[in-house]
Every structure is written in C-alpha cells, then in structure tokens.
Amino acid sequence: MSEAAASSLPRWDLTDLYPGPQSEELKRDLERAGRDSIAFEEKHAGRVANLDGGSFANAIGDYERITEILHRIFSFAQLLHASDVSNPEIGRFYQDIQERGTEISAHLIFFTLEINRIDDSKLEEMLKVPDAARYGPWIRDIRAFRAHQLSDELEKMLHEKEVAGRGSFVRLFDETMASLRFPVNGEELTITQVTDRLSSREPEKRKAAAKVMGTVLGDNMRLFSLITNTLAKDKEIEDRWRGYARPVSSRNLANQVEDEVVDALVTAVKDSYGDLSHRYYRLKARWMGMEKLDYWDRNAPLPEDIDRTYSWDEARETVLSAYSRFSPELADIGQKFFDNPWIDVPARAGKASGAFAHPTVPSVHPYLLLNFMGRGRDVMTLAHELGHGCHQVLAGEQGPLLSATPLTLAETASVFGEMMTFRSMVDAESDPTRRRVMLAGKVEDMLNTVVRQIAFHEFERHVHDERRGGELSEERLGEIWMQCQRESLGDAFRFDDEYRNYWAYIPHFIHSPFYVYAYAFGDCLVNALYSVFLEGHEGFQKKYLDMLRSGGTKTHKDLLAPFGLDASDPAFWKRGLTVISGFIDELEEVS
C-alpha cells in the first residue's frame with residue numbers, strides 16, 4: 001500500500017478518554033483517584049471482614065469507581081504510547097502514568113487481600129444482600145488465588161516494584177522492536193512492513209525480507225535474550241513464593257481453566273500435527289512445484305492466487321456484511337467503530353506492530369489498532385479485532401469489575417467473526433480455483449492460530465522450565481525454537497540458520513507469558529460452536545450474544561452448557577480440530 005493511500009486511512013481519536021496528556025481533565029482524575037484511594041484505605045483497611053452485607057456492597061462499589069478512573073487513565077496512556085512507541089516524550093508520559101498509577105493503586109491492594117481472608121460462612125452471609133451478591137463472580141475469581149496470596153506487605157512491595165522491574169523490561173522490548181529497521185533493497189522497513197513482505201507473491205522479495213529479518217533480530221539477540229531470561233527468572237521467583245506448581249499454572253488460574261483442560265488441548269493439537277500442518281504443507285509444496293518449502297514460503301500466496309488487494313472500504317463492507325448476515329444486532333454494534341474514530345488503521349513508522357482491541361472502560365468504548373496493508377489476511381484481522389470490540393461493548397454492560405473476560409473466552413467473538421467473514425467470502429465466490437485458494441488461505445490462518453500458537457506455547461514451556469536451572473544462552477533459545485518449529489511444521493520445510501532468531505519478535509512471550517494457548521483454545525472452541533450453529537441449533541444467535549454479554553460472570557462450563565458443549569471432554573477438542581482436518585480433506589480431493 002502506498003504512503004498516499006495509507007495516509008487517507010482512519011486514525012483513532014483518543015479525546016473520548018482525555019483531550020491530551022497535559023489536559024486538566026486527566027490531572028483532575030489523577031488527583032481524585034489518589035485522594036479517594038487514600039480515603040478508601042483509611043476507612044476500610046483491617047475492617048473488611050467485619051462489614052455487614054450492605055456496607056460490603058458499598059465498599060465494592062467505591063473500589064470499582066476508583067479502579068475505573070485508574071483504568072481510564074492507564075488506557076489513554078497505553079493507546080497513546082501504541083500510536084507512537086518511538087516518541088520519547090510519549091514514552092516518558094507513559095512511564096510517569098504507570099508510576100503514578102502504581103502509587104495510587106497500592107492503597108487499594110489491601111481490599112482484595114482481606115476479601116480472601118474472610119471466613120466462608122461469613123462471606124456467605126454477606127452475599128445474601130443482593131447488591132453484594134451481584135459481585136459474586138468477581139469475588140469467586142479473586143478467591144481462586146487464596147492459596148497463592150502472600151502477606152499484605154509483600155503484595156504491596158511486588159505491586160509497587162512492578163513498574164521498575166518487569167514493566168521496564170516490557171517497555172524496553174516494545175521500544176526496541178519499534179525502533180528496529182530492516183534494510184531491504186534500499187528501503188528501511190519496520191517490523192510490520194518486513195513481516196508483511198513474507199506474504200509477497202515474489203519469492204525473491206520473501207527471501208530478502210526473511211533473511212534480513214533474521215539477521216537484524218540476530219544482531220540484537222544479546223538484548224532480547226537478556227530480556228527473556230530476566231523476565232523468566234522474575235516469573236520463577238514469584239511463582240515459587242506463591243506456590244504455583246508449574247509456570248503455566250498462574251495463567252490457567254487467571255483464565256479460569258483447569259490445568260488438565262489446557263493439557264488436554266495441547267496434547268490434542270500436538271497429536272494432530274501430522275494430520276494438520278504436516279499434511280497441509282506437503283500439499284502446498286506440491287502446489288508450488290517444490291520438493292520442500294523454504295521457511296519464508298509458509299505464508300506465500302499459492303500460484304493460482306491473484307494478487308487481490310482490498311481497499312479499506314471493501315474490507316469494512318465485507319466484514320460488516322458478514323456480521324449482518326449472522327446477526328443484525330452484532331453488525332449494528334460493529335458499525336459504531338466505523339462511524340466514530342475508534343480504529344487506528346494505517347501502518348506507519350513508530351506505531352506498535354500487529355493488531356489489538358483495547359476495551360478501555362465500560363463508560364467509554366473500546367479502540368482497535370490495526371496495521372492495514374490491503375491483503376486478504378488484513379480483512380480477516382479486521383474481522384477478528386472487530387469481534388473483540390463487539391464482545392467488549394456487550395460485556396461492558398456488566399460494569400468495570402464484571403466485564404473482563406478470561407483469555408480463553410476472550411478470543412471467542414474474534415475467531416467467530418473471522419469464521420463468519422470467511423464463510424461469507426467463500427460462499428460468494430463461484431470460481432472453483434478461487435474457492436480453493438480461499439479455502440487454503442483459511443486453513444493456513446487456522447494452522448497459524450492453532451498449531452503455531454501451541455508450538456509457541458511449547459517454546460515458552462521449555463524456556464521457563466529450563467530457566468529454573470539457570471540462564472539460557474542465545475544458542476539454547478534458538479535450539480528450543482527450532483525444535484518446536486520442526487515438530488509443528490514437519491519435514492516439508494527447509495530452515496536456514498537465521499530462522500533460529502525468529503522467536504525474539506513474538507511480543508506475547510514478553511507481554512503476557514503463556515497467553516498464546518488462548519488462541520488455540522478460542523479457535524477450537526469456535527470451531528465447535530460454529531458446527532453447532534451449522535447444525536441449526538435453535539436460538540443460537542440469541543444464546544451467542546447472551547454469552548458475550550456475560551463478560552466474566554460465568555465459567556467456560558456455564559457458558560458452553562447452553563450449546564451442549566463441554567471443554568473438559570476430550571471429544572470437545574477433537575470436534576474443533578476435525579473442522580480444520582475436514583478443510584484439508586477437501587483440498588486434497590480437489591488437488
């Protein structure tokens with residue numbers, strides 16, 4: 001996409017949060033949150049267990065109000081920083097807000113710690129008051145961490161230290177990645193632009209981008225290895241103090257999913273590597289006239305694939321039309337993101353790479369960040385992030401404390417949005433060759449979401465397990481990466497030496513350890529849900545929207561029960577993976 005075309009794409013306007021970083025509104029909210037948090041601590045610290053039900057409900061309401069102000073401020077700073085990660089003034093503002101917000105929220109830590117120390121029978125009595133009972137799901141999720149809670153002093157120290165510890169290394173990673181430039185044929189490309197070249201139609205462009213990407217990452221490997229080792233050790237120390245059995249356990253608890261359910265997912269996907277990715281990429285090698293694919297051919301367009309690009313208007317209409325066919329109500333919510341400056345669309349230097357949907361706070365609205373380059377995959381990314389946005393709007397009805405959805409369920413609406421958009425596009429295509437190309441593209445996206453993310457999960461598992469025995473060398477990190485990639489992708493690929501550096505650009509490893517399996521969880525869950533929809537399940541759309549509206553009030557068991565699904569049943573994961581396998585069967589038949 002040309003610079004002129006990119007410059008005309010929509011950008012978000014953050015004034016719905018605050019007019020600017022130096023605005024009086026933001027300063028006023030910071031002062032109010034600081035003042036109110038101190039008053040809250042003085043009023044309730046050491047007394048929470050002695051509150052009656054009505055007073056307990058009022059205290060939770062005050063806590064919710066203060067935390068929403070803080071989250072609004074944090075959201076503004078995070079989004080402004082994502083807009084231009086390389087801007088030093090914005091970076092300083094972002095750091096200042098993190099530090100001030102940490103100081104303020106330190107006065108609130110006692111509240112959840114004391115809730116966890118309330119006797120079960122006493123808590124049951126308090127929750128008989130309807131206003132308090134409303135917060136039951138939030139209290140349930142807090143008390144899930146009771147066994148891993150430290151003393152008040154340690155909890156407060158860890159909270160205050162975050163901004164100068166782990167948070168600083170995350171910022172260092174983000175700013176380093178945003179500042180990297182990848183020289184390709186006289187151009188200085190950003191990480192977003194160079195990864196986009198890996199999907200070019202021209203093999204030499206893919207190769208040049210892949211080679212320089214691996215080289216530049218390698219040139220910075222000492223720093224990336226240091227960040228990774230430091231954060232892994234930081235996590236190991238905290239996990240040990242909190243008594244978590246495994247590095248993934250804290251993430252599973254936060255996701256409200258049992259260790260054995262995640263283990264079943266990982267095992268099911270790994271057992272399916274041969275039937276899914278190995279089989280598909282052997283097919284792709286044959287289609288491309290190769291005995292083996294080079295690693296930069298993984299996302300290459302097929303030979304029959306015309307170089308189809310989409311304008312922003314086409315992408316928007318494609319996605320909204322697909323949403324509307326499924327549910328006009330869902331499409332109406334999605335339309336608001338385009339009628340208002342809630343999406344930052346163009347790729348540009350300094351902007352955070354990738355894509356995300358930020359829920360901000362229920363009293364405002366979500367914002368979406370894209371790096372739109374006009375490819376078919378960018379249309380799918382829009383469908384994905386718009387699904388997140390719609391989910392966040394619907395869940396926002398629950399209020400600040402009850403709207404947050406665990407990661408395993410947070411991907412539900414996004415992946416479902418992709419599936420709706422794909423089905424709409426492929427069903428509208430009459431040309432058999434084009435349909436095959438689209439089907440192959442969907443299979444690749446699903447492999448990237450399921451197989452690739454579980455391979456990422458296995459990389460993290462190995463790194464965190466081995467880090468407990470000492471620091472990992474750059475060479476060892478590369479070895480683990482290559483082992484996981486070879487296992488997941490199979491023998492259809494050739495891997496050059498620089499590919500061993502590619503683990504370093506995956507931001508999830510840094511931002512949210514063990515986040516990645518949630519993508520596979522969500523994809524398999526949606527595949528199972530979508531098969532129920534195709535079977536004509538009565539009232540599916542209403543049940544689906546009710547599920548999204550539930551936010552964080554229900555567990556995965558409760559949310560899936562109306563559809564006759566159960567994630568703890570091994571057959572559930574097989575049902576989701578069978579959808580991908582069936583697509584590959586279809587491709588084999590027409591090849």
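Being a predicted model, the structure only gives us computed values, none of them experimental. Just so it is clear, the values below take in all heavy atoms, side chains as well, and ignore hydrogens, waters and symmetry mates.
Taking the six-membered ring where the residue is Trp, His388 and His384 present perpendicular rings, their angle passing 60° and hence far from 30°. Between His81 and Tyr94, the ring planes lie parallel to each other; the angle is under 30°, not in the 30° to 60° tilted range. Using bins of under 30°, 30° to 60° and over 60° for the plane-to-plane angle, the ring pair Phe338/Trp312 lands in the tilted bin. Ring planes of His358 and Phe356: perpendicular class, angle over 60° (limits at 30 and 60°).
Separation of atoms NE2 (His457) and CZ (Phe509) is listed at 11.0 Å; rounding is to 0.5 Å. Rounded to the nearest 0.5 angstrom, Leu283 CG and Met288 CE are separated by 13.0 Å. To the nearest 0.5 Å, the span separating SG on Cys524 from CD1 on Ile454 amounts to 8.0 Å. Note that CZ of Arg452 and CG of Asp445 are 12.0 Å apart. Values are rounded to the nearest 0.5 Å. To the nearest 0.5 Å, the span separating CD1 on Ile584 from CD on Glu586 amounts to 11.5 Å.
Between the side chains of Tyr323 and Asp332, no donor-acceptor pair is found at a separation under 3.5 Å. Looking at His365 and Lys336, their side chains never bring a donor and an acceptor atom within 3.5 Å of each other. Looking only at atom types and distance, the side chain of Ser424 has a donor-acceptor partner in the side chain of Arg325 under 3.5 Å away. Side-chain N/O atoms of His508 and Tyr519 include a donor and acceptor closer than 3.5 Å. With hydrogens and angles left out, the side-chain atoms of Ser414 and Glu411 include a donor and acceptor closer than 3.5 Å. With no hydrogens or angles considered, no side-chain donor-acceptor pair links Ser199 and Arg375 at under 3.5 Å. No side-chain donor from either of Arg348 and Asn371 sits under 3.5 Å from a side-chain acceptor of the other. If you check the side chains of Asp174 and His511, you find a donor sitting under 3.5 Å from an acceptor. Judged purely by distance below 3.5 Å, without hydrogens or angles, the side chains of Ser568 and Lys557 pair a donor atom with an acceptor atom.
A search for side-chain contact (heavy atoms from CB on, under 4.5 Å) contacts involving Ala518 returns Leu407, not counting sequence neighbours. With sequence neighbours excluded, no residue forms a salt bridge (charged side-chain N to carboxylate O under 4.0 Å, His left out) with Arg140. Considering only residues two or more places apart in sequence or on other chains, His556 meets the side-chain hydrogen bond (donor to acceptor under 3.5 Å, both in side chains) condition with Glu258. Applying the side-chain contact (heavy atoms from CB on, under 4.5 Å) criterion to Ile142, with sequence neighbours excluded, gives Thr112, Asn116, Trp138. Here Asp313 pairs with Arg316 under the salt bridge (charged side-chain N to carboxylate O under 4.0 Å, His left out) rule; sequence neighbours left out. Looking at residues two or more places apart in sequence or on another chain, you find a side-chain hydrogen bond (donor to acceptor under 3.5 Å, both in side chains) between Gln193 and Thr190. Scanning for side-chain hydrogen bond (donor to acceptor under 3.5 Å, both in side chains) contacts around Tyr18 gives Asp29, with sequence neighbours left out. Judged as a salt bridge (charged side-chain N to carboxylate O under 4.0 Å, His left out), and not counting sequence neighbours, the contacts of Arg197 are Glu187. Residues satisfying the side-chain hydrogen bond (donor to acceptor under 3.5 Å, both in side chains) criterion with Asp427, sequence neighbours excluded, are Arg423. For the side-chain contact (heavy atoms from CB on, under 4.5 Å) test, residues two or more places apart in sequence or in another chain that qualify with Ser581 are Asp275, Leu276, Arg279, Asp585. For Ala455, the side-chain contact (heavy atoms from CB on, under 4.5 Å) partners two or more places apart in sequence, or in a different chain, are Tyr273, Gln485, Ser488.
Between Arg65 and Glu68 there is no salt bridge, since no side-chain N of the basic residue sits under 4.0 Å from a carboxylate O of the acidic one. Note on Glu458 versus Lys270: salt bridge recorded, some NZ/NE/NH1/NH2 to OD/OE distance being below 4.0 Å. Between Arg206 and Asp297 there is a salt bridge, with a side-chain nitrogen of the basic residue lying less than 4.0 Å from a carboxylate oxygen of the acidic one. Salt-bridge annotation for Arg435 and Asp431: absent, with no side-chain N of the basic residue lying under 4.0 Å from a carboxylate O of the acidic one. Lys574 has no carboxylate O lying under 4.0 Å from a charged side-chain N of Asp569, or vice versa, which leaves the two without a salt bridge. With salt bridges taken as basic N to acidic carboxylate O contacts below 4.0 Å, one links Glu329 and Arg549. Between Glu444 and Lys284 a salt bridge is recorded (basic side-chain N to carboxylate O distance below 4.0 Å).
Side-chain N or O atoms of Ser272 include one that pairs as donor or acceptor with a backbone N or O of Ala268 at under 3.5 Å. Looking only at distances, no side-chain donor or acceptor of Ser200 sits under 3.5 Å from a matching main-chain atom of Asp196. Although no hydrogens or angles enter the test, the distance criterion places a donor-acceptor pair under 3.5 Å between the side chain of Ser327 and the main chain of Leu330. Under the 3.5 Å distance criterion, the side-chain polar atoms of Lys351 are matched with a main-chain donor or acceptor of Pro346.
Side-chain atoms of Leu386 and Leu320, non-hydrogen and from C-beta on, do get closer than 4.5 Å to each other. You'll find the side chain of Arg298 stays beyond 4.5 Å of the side chain of Leu198, heavy atoms only. Residues Ile343 and Arg11 have side chains not in contact (no heavy-atom distance under 4.5 Å, counting atoms from C-beta outward). Put simply, the side chain of Trp12 does not reach to within 4.5 Å of the side chain of Trp342, judged on heavy atoms. The shortest side-chain heavy-atom distance between Ser531 and Arg575 falls under the 4.5 Å cut-off. Contact check for Arg434 versus Asp305: side-chain heavy atoms found under the 4.5 Å cut-off. Annotation: side chain of Leu401 is in contact with side chain of Tyr63 (closest heavy-atom distance under 4.5 Å).
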* Asked: Passes ring-ring contact (aromatic ring centres under 6.0 Å, His included), Phe533 versus Tyr530? Steps please.
  -> CA-CA 5 Å; Phe533 169 61; Tyr530 201 77; 5.6 Å; yes
* Between Tyr295 and Tyr502, is a ring-ring contact (aromatic ring centres under 6.0 Å, His included) present by the stated rule, with each step listed? -> CA-CA 11 Å; Tyr295 74 86; Tyr502 269 58; 5.6 Å; yes
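The six-membered or imidazole ring of Phe416 lies near that of Tyr544, with a centre-to-centre distance under 6.0 Å. Under the 6.0 Å cut-off for aromatic ring centres, Phe521 and Trp573 qualify, their centroids lying closer than that. Between Phe583 and Tyr280, the ring centre distance reaches or exceeds 6.0 Å. Note: Tyr517 and Phe456 fail the aromatic proximity criterion, with ring centroids not under 6.0 Å apart.
Note on residues 509-524: no pairs pass salt bridge (Lys or Arg N to Asp or Glu O under 4.0 Å), not counting sequence neighbours.
No cation-pi contact links Arg282 to Trp287, judged by a cut-off of 6.0 Å to the six-membered ring centre and 45° from its axis.
Contact detail for Leu369 and Ser353: the closest heavy-atom pair is CD2-O, 4.4 Å.
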